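First the structure, in the form of structure tokens, and then the observations on it.
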Amino acid sequence: MRPGLLLFLLLFGFAVGVGAQDTRDDGVALVKASGVSGPLAAALDEALARFRLFPEADEADEERELRRAERTAVEVLATEGYFSPRIRFEPDPAGTPRYRLAVEAGRRTTVSAVTIELKGAIAEPAFATRAAALRAGWTLPVGAPFRSPDWETAKNRLVQAATARDFAAAIVVQSSADVDAEAASAVLRVELDSGPAYRVGALNVEGAERFDTALIERFNPFSEGQPYDRALLLQFQQALQESAYFSSVVVTLDLDKAVNDT
């Protein structure tokens with residue numbers, strides 16, 4: 001496949017005149033977690049801080065907010081890998097906050113198995129070393145705590161590694177995390193489709209009518225037919241931005257105009 005490189009010149013503006021916001025809060029803190037410490041306690045405290053009771057609140061309002069706080073706590077605990085916690089509300093003798101949310105987090109779920117399926121050109125024998133490197137670079141391995149942010153980060157990094165060279169259109173087409181709360185284990189599966197291996201085609205310039213294309217070509221590190229490399233693409237963009245000719249530049253692949261070279 002031979003995609004072209006597409007060059008844009010962009011202008012940027014700046015937001016001004018941001019008005020002051022009313023930060024007054026007459027509410028009373030409703031609930032604070034207890035029984036946990038460290039990053040988990042910090043995550044719960046941050047999530048529960050928004051639950052407050054105001055002077056006009058009645059018993060029904062308080063009950064409703066407590067139920068919402070409970071759901072939020074369960075979501076936070078699951079995000080951090082705790083899928084079978086025990087939680088209960090206890091009145092706080094000090095009265096501020098009104099309640100303590102007693103938390104027994106239980107066992108933290110860890111990754112028990114990882115399967116990474118690769119499809120597209122990267123599955124061809126010619127890219128066997130590259131495929132092995134992608135699997136070896138997976139950042140949520142067996143034995144690691146299963147946290148939702150780490151799960152998303154691992155998938156994003158897999159795509160970034162694949163698209164760094166050759167496979168500019170690589171995407172995760174399917175993923176799953178099967179959690180066994182009783183066993184505190186998670187089985188992960190990711191399917192990545194690399195698409196074709198791209199080679200660079202002709203340079204297409206837009207928005208720079210005052211300049212001869214040959215001037216821009218002087219900064220181009222690619223030669224036609226060369227495998228795509230994101231680092232070179234960024235190098236090209238930086239060189240143009242640091243030149244005296246342009247105030248703002250974006251260099252990108254025009255995948256829509258790629259043609260089959262087989």
Side-chain angles (χ1 to χ4, degrees), residues 1-21 116 118-124 126-140 149-150 152-173 190 192-262:
M1 305 288 287
R2 292 182 181 269
L5 288 173
L6 183 61
L7 178 68
F8 296 93
L9 298 184
L10 304 178
L11 298 176
F12 296 93
F14 299 90
V16 296
V18 178
Q21 295 182 343
I116 299 175
L118 302 177
K119 296 185 177 181
I122 197 170
E124 297 172 0
F127 295 105
T129 300
R130 186 80 182 283
L134 286 182
R135 290 191 171 96
W138 176 253
T139 59
L140 191 59
D150 294 343
E152 296 305 319
T153 296
K155 290 185 287 184
N156 289 336
R157 288 179 176 173
L158 179 68
V159 172
Q160 290 171 4
T163 57
R165 301 190 314 277
D166 301 301
F167 311 110
I171 59 171
V172 170
V173 293
V190 180
L192 181 136
D193 187 342
S194 72
Y198 286 94
R199 294 182 179 275
V200 176
L203 182 69
N204 179 33
V205 180
E206 293 186 3
E209 290 79 6
R210 292 188 299 133
F211 300 97
D212 192 303
T213 301
L215 170 66
I216 299 172
E217 284 282 12
R218 284 169 40 195
F219 297 91
N220 188 359
F222 290 102
S223 57
E224 191 166 344
Q226 180 178 348
Y228 164 72
D229 187 312
R230 185 168 60 219
L232 287 180
L233 191 73
L234 295 176
Q235 176 185 318
F236 185 17
Q237 177 172 290
Q238 184 174 357
L240 289 169
Q241 288 177 333
E242 293 177 350
S243 73
Y245 304 104
F246 308 104
S247 60
S248 184
V249 177
V250 173
V251 183
T252 185
L253 290 174
D254 188 356
L255 297 179
D256 291 338
K257 295 182 179 179
V259 296
N260 197 328
D261 193 40
T262 58

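Predicted model, so just to flag it, every value in this text is computed and none were measured.
- A donor-acceptor contact shorter than 3.5 Å is absent between the side chain of Arg130 and the backbone of Asp166.
- The aromatic rings of Phe222 and Tyr228 sit parallel to each other, their planes meeting at less than 30°, with 60° as the upper class boundary.
- Panel note: side chain Gln226, backbone Val200; no donor-acceptor pair is recorded below 3.5 Å.
- In this structure the side chain of Lys119 never reaches within 4.5 angstrom of the side chain of Val173, judged on heavy atoms.
- Using a distance-only test at 3.5 Å, with no hydrogens or angles considered, a donor-acceptor pair links the side chain of Ser243 to the main chain of Leu240.
- Interatomic distance, Asn220 CG to Leu233 CG, rounded to the nearest 0.5 Å: 9.5 Å.
- When all heavy atoms of Ala154 and Leu140 are compared, the pair lying nearest together is CB-CB, 4.0 Å.
- Between the side chain of Ser194 and the backbone N or O of Phe167, no donor-acceptor pair lies under 3.5 Å.
- Atoms CG and OG1, from Leu158 and Thr163 in turn, are 9.5 Å apart once rounded to the nearest 0.5 Å.
- Heavy-atom minimum distance, Leu134 versus Ala162: CD2-N, 3.8 Å.
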**side chain to side chain contact (heavy atoms under 4.5 Å, CB included) evaluation trace for Leu118 with Arg135** = CA-CA 9 Å; Leu118 302 177; Arg135 290 191 171 96; 3.7 Å; yes
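- Panel note: side chain Arg230, backbone Gln160; a donor-acceptor pair is recorded below 3.5 Å.
- Listed here is the closest heavy atom pair of Ala197 and Ala121: N-CB, 3.8 Å.
- Atom CD of Glu152 is surrounded by more than 12 heavy atoms from other residues, nucleotides or ligands within 6.0 Å.
- Under the side-chain contact (heavy atoms from CB on, under 4.5 Å) rule, Lys155 has a single partner from Asp150, Leu192, Val190, which is Val190.
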